Amino acid sequence: DGELFGEPATSNTVLICAANTAPQWSEIDNQHINEDSEGNTVDISLYITDAEQAPSQITFQVIDNSDPVHLVTEFDGYNLLLTTIVLDYFVIDPVSLILEADDGYGGVVTQAVNVFIDPVNDAPVLTDIGNQETTEDIPLILTLEATDVDEDSLTFSAVSEYSDNV
């Protein structure tokens, strides 16, 4: 109909890349997770940049895990998922991971990250006492036993429903 609407566009910005550049990692902080834990997530998009690709367009994988017997690792997009798999296991030295980022256009880079599995204080387990009986005016002496996976020193105390009788 020959009628113009709106203002004419006078310029556009166009980015022309001569060649693909590989993604760039920044240093990843040491990661700390608790023993017996699952669903620990590290957002890797905080540690990588790429001139041509958004973090969601980069493929990530763990290419080396120094302790796969105790730590399961996998990626969900750019989220690194960490799960401990051995009950009551913790480490003083870190589990070392090597992560790989692939932009899909020939840019592949790796980065190391250390994961510490920190101890959690576990409750001791009292050995079953079972039902006990004694004759009136004859003291009942019990030997209490318990186990503690953390090997802490244990102290016992008793509480009775009938405190006047203890």
Side-chain angles (χ1 to χ4, degrees), residues 1-128 145-156:
D1 67 1
E3 293 186 35
L4 297 176
F5 294 97
E7 297 294 317
T10 57
S11 69
N12 286 325
T13 302
V14 177
L15 175 63
I16 300 174
C17 299
N20 183 56
T21 58
Q24 297 291 313
W25 287 103
S26 59
E27 185 175 343
I28 301 175
D29 303 324
N30 287 336
Q31 301 298 308
H32 288 264
I33 63 174
N34 289 333
E35 71 177 52
D36 308 332
S37 65
E38 60 182 82
N40 302 286
T41 302
V42 181
D43 182 351
I44 294 300
S45 70
L46 302 174
Y47 302 100
I48 194 151
T49 58
D50 188 300
E52 300 87 23
Q53 306 297 321
S56 62
Q57 297 172 302
I58 298 172
T59 303
F60 296 96
Q61 65 178 339
V62 178
I63 60 172
D64 188 43
N65 176 348
S66 68
D67 194 355
V69 171
H70 297 105
L71 182 67
V72 170
T73 61
E74 64 179 312
F75 272 96
D76 180 14
Y78 51 77
N79 290 312
L80 174 61
L81 308 177
L82 305 169
T83 301
T84 62
I85 55 176
V86 175
L87 192 62
D88 301 318
Y89 178 81
F90 62 91
V91 294
I92 295 172
D93 295 323
V95 176
S96 298
L97 304 177
I98 303 296
L99 310 180
E100 180 183 87
D102 183 344
D103 69 6
Y105 297 96
V108 178
V109 291
T110 60
Q111 177 69 25
V113 61
N114 291 322
V115 179
F116 290 86
I117 303 173
D118 297 329
V120 173
N121 188 24
D122 295 294
V125 177
L126 183 65
T127 303
D128 186 39
E145 295 179 7
T147 58
D148 185 72
V149 70
D150 297 317
E151 299 180 1
D152 294 330
S153 177
L154 301 177
T155 302
F156 297 92

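In this text, all values refer to a predicted model and were calculated from it rather than measured experimentally. Heavy atoms only: backbone and side chains are in, while hydrogens, waters and symmetry mates are out. Residue numbers run from 1 in the order of the sequence given.
For Gln31, the side chain to side chain contact (heavy atoms under 4.5 Å, CB included) criterion is met by Ile28, Asp29, Val42, Tyr47, Val113, Val115, not counting sequence neighbours. With sequence neighbours left out, the side chain to side chain contact (heavy atoms under 4.5 Å, CB included) criterion links Glu38 to Thr83. Under the side chain to side chain contact (heavy atoms under 4.5 Å, CB included) criterion, Asp148 pairs with Pro124, Asp150, Asp152, Leu154, sequence neighbours left out.
Sequence neighbours left out, the pairs with a member in residues 118-128 that pass side chain to side chain donor-acceptor pair (under 3.5 Å) are His32-Asp118. Residue pairs meeting the ring-ring contact (aromatic ring centres under 6.0 Å, His included) criterion with at least one partner in residues 64-83, sequence neighbours excluded, are Phe60-Phe75, His70-Tyr89.
Across all their heavy atoms, Pro68 and Ser66 have their closest contact at CD-C, 3.7 Å. Annotation for Asn34 and Thr84: closest pair O-CG2, 3.9 Å, computed over non-hydrogen atoms.
No donor-acceptor distance shorter than 3.5 angstrom exists from the side chain of Gln53 to the backbone of Asp50, with no hydrogens or angles considered.
At least one side-chain heavy atom of Thr21 sits less than 4.5 Å from a side-chain heavy atom of Glu52.
Annotation: the span from Asn79 atom CG to Leu81 atom CG amounts to 6.5 Å, rounded to 0.5 Å. The distance from the CD1 atom of Ile44 to the CG atom of Leu80 is 5.0 Å, given to the nearest 0.5 Å. To the nearest 0.5 Å, the span separating OG1 on Thr73 from CG on Leu71 amounts to 6.0 Å. To the nearest 0.5 angstrom, Ile117 atom CD1 is 9.0 Å from Ile85 atom CD1. Here the CG-CG distance, from Asn40 to Leu82, works out to 6.0 Å after rounding to the nearest 0.5 Å.
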Could you go through residues 96-109 and list every donor-acceptor pair under 3.5 Å that involves a side-chain atom there, pairing it with any protein atom two or more places apart or in another chain?
residue	atom	partner	partner atom	Å
Ser96	OG	Asn114	OD1	3.4
Glu100	OE1	Gln61	NE2	2.6
Asp102	OD1	Gly104	N	2.7
Asp103	OD1	Asn20	ND2	3.4
Asp103	OD1	Tyr105	N	2.8
Asp103	OD1	Gly107	N	3.0
Asp103	OD2	Asn20	ND2	2.8

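Heavy-atom neighbours of Ile92 CD1 from other residues, nucleotides or ligands within 6.0 Å: at or below the threshold of 12.
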